[in-house]
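Encoded as structure tokens, the structure appears first; notes follow it.
Reminder, nothing fancy here: chain letters follow the sequence lines and each chain counts from 1.
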Amino acid sequence: MISIKAKNVTLEYPVFGMTQQSIKKRVLNVATGGLISNSAGIPIVRALRDLSFELKSGDRLGLVGHNGAGKSSLLRTIAGIYPPTSGQLTVHGRIVTTLNIAVGLEPEATGFENIIMRGILFGLSRAEIEARIDDIAEFTELGDYLNMPVRVYSSGMMTRLAFGVVTSLNADILLMDEVIGTGDANFIRKAEVRLTNFMNRAKVLIIASHNEDIIQKLCNKAMLLSHGELRAIGTVSDIFLQYENER
Amino acid sequence: MSLILDAVKKYDAWLYLSLADIRLRYRRSALGPLWITISMAIFSISIGLVYSQLFNAKMDTYLPYLTVSVIVWTFIAASLNESTSLYCDNAPYIKDLNFNVFSITFRALSRQVIILAHNSIVILGVLIFFQVPVSWTIIYSAAGIFLLILMLVPVAACLSLIGARFRDIGQLIANILQVLFFLTPITWETTFLQEKSWIYIYNPLYHFIDVVRAPLLGKSSSPSSWLICCTVVIAAWVCQEYMFNRKRARLAFWI
């Protein structure tokens with residue numbers, strides 16, 4: 001059963017490399033909100049406070065909130081990258097994140113080699129990659145370019161490759177930080193269809209976005225975050241109403 | 001432990017990536033990875049010529065000794081040096097993909113093993129050229145390499161974790177290794193010293209090098225060396241388990 005259960009999840013993390021600023025602050029004696037310091041004097045950010053919610057198969061959740069409200073931190077916590085400082089988080093299902101779809105793109109390797117490497121990085125076995133390499137190659141429309149090193153690609157071509165691989169994955173739980181796309185005008189319809197299929201295959205979708213239209217279109221639930229706190233969870237229109245009022 | 005086992009199970013992933021790393025590094029060069037072999041041959045022959053004069057040693061025993069020593073040392077030093085910044089260098093893999101950190105360590109170490117394999121061609125050449133008697137005891141050497149890798153995995157993983165938190169570790173380890181190159185019997189033989197000396201006896205790297213080196217040169221390393229190596233391996237794994245159980249979860253915050 002695919003599910004996500006969060007109970008009183010709090011996330012605090014240290015920020016290193018801030019010494020200069022913190023010394024300055026100590027001198028100026030400036031009080032900062034959201035920042036607390038531990039005994040060693042390392043600034044700690046409280047990114048999530050006491051979050052409790054449950055998601056199950058069929059849920060499409062939009063994360064709404066200002067920059068720094070905790071949207072990305074929440075995605076990383078659900079993905080298992082950040083361990084919660086306190087509280088319980090139980091996640092059942094295979095997670096795919098699209099936080100950075102171009103990780104480890106090798107400029108010297110050919111398009112085909114990069115497809116294989118990207119597949120490996122996203123956790124596919126060699127057999128699984130071989131099975132979908134034709135589909136990915138066809139989607140990218142890169143043709144003979146796939147035998148050339150990626151360093152000769154335009155940025156649009158590189159995005160197509162990365163996009164093509166990640167959207168071939170099968171996720172139970174799909175975590176997206178802003179909608180991914182190819183930004184290629186002629187390509188946009190095709191990419192949209194593929195993206196929709198990719199998202200539809202996922203049992204649970206969580207998407208952080210500043211774009212109201214996207215969340216209206218893709219989600220059946222929304223969560224409003226503010227300074228790391230869960231302000232409300234409910235229907236998309238209710239949440240946006242509240243978001244507007246609080247703004 | 002489950003992370004390590006998971007990474008071991010997915011051996012085809014990091015093996016493919018490390019092979020690709022080597023292939024890509026030499027893709028546009030005519031000689032390709034053969035350069036690894038050539039540079040090592042040039043390096044060991046040239047310092048062999050100088051040092052054999054310096055130490056007044058016989059070329060036909062000293063050069064094979066030196067070649068094997070330098071190659072094993074290079075393997076150790078490169079693995080450890082690379083490890084200190086490994087998790088920082090691979091930050092996007094850890095922070096954006098949640099990629100298994102041990103797969104990252106295995107990828108780096110298997111790259112070094114591939115380089116070692118290229119370098120061992122030089123050893124083969126030198127052994128044949130100087131007609132060093134080789135017997136079946138050479139198999140001990142393979143066991144030695146295995147022990148060495150078994151030691152490098154936990155040590156490199158720990159250094160990567162510490163190196164992610166404390167950025168001075170890279171410089172510190174690089175300096176220690178530079179000094180150890182001269183303090184460990186690599187360019188000099190233990191027989192050059194008058195008596196058994198604390199200079200090398202207490203240096204675990206001497207024992208790790210010797211269990212690989214001695215069988216290749218038709219000698220055998222002392223049982224105490226094997227014992228020390230096994231002890232160090234066990235200690236390293238215990239440390240690794242302890243450290244990763246306590247701190248691995250924090251890694252994403254450090255990089």
Please classify the contact between [X] and chain A as side chain, backbone, both or neither, with a heavy-atom cut-off of under 4.5 Å.
{"X": "Arg248(B)", "value": "neither"}
{"X": "Leu251(B)", "value": "neither"}
{"X": "Ala249(B)", "value": "both"}

Can you check whether Asp21(B) reaches Glu106(A) side chain to side chain, under 4.5 Å on heavy atoms?
->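 Side chain of Asp21(B) against side chain of Glu106(A), heavy atoms only: contact under 4.5 Å found.
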Can you say whether [X] sits under 4.5 Å from chain B via the side chain, the backbone, both, or neither, judging by heavy atoms?
{"X": "Thr85(A)", "value": "neither"}
{"X": "Leu11(A)", "value": "side chain"}
{"X": "Glu108(A)", "value": "both"}
{"X": "Ala79(A)", "value": "backbone"}
{"X": "Arg126(A)", "value": "both"}

Are Ser72(A) and Asp177(A) linked by a side-chain donor-acceptor pair shorter than 3.5 Å?
->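 A donor-acceptor contact under 3.5 Å links the two side chains.
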Can you tell me if Ser103(B) and Tyr93(B) form a side-chain donor-acceptor pair at under 3.5 Å?
-> no
Kindly compute the distance separating CD1 (Ile4(A)) from CG (Leu175(A)), expressed to the nearest 0.5 Å.
-> 6.5 Å
Heavy-atom pairs under 4.5 Å with chain A are the metric here; pick the option from Arg25(B), Lys95(B), Arg23(B) that has the most.
->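 The candidate making the most pairs under 4.5 Å is Lys95(B).
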All N/O donor-acceptor pairs, side-chain side in residues 140-166 of chain B, below 3.5 Å, sequence neighbours left out:
from      : atom 1 : to        : atom 2 : distance (Å)
Ser141(B) : OG     : Val212(B) : O      : 2.5
Ser160(B) : OG     : Ser83(B)  : O      : 2.8
Ser160(B) : OG     : Ala156(B) : O      : 2.9

Can you give me every donor-acceptor pair (side chain of residues 116-123 of chain A, partner residue at least two apart or in another chain, under 3.5 Å) with its distance?
from      : atom 1 : to        : atom 2 : distance (Å)
Arg118(A) : NH1    : Val103(A) : O      : 2.8
Arg118(A) : NH2    : Ile101(A) : O      : 2.8
Arg118(A) : NH2    : Val103(A) : O      : 2.7

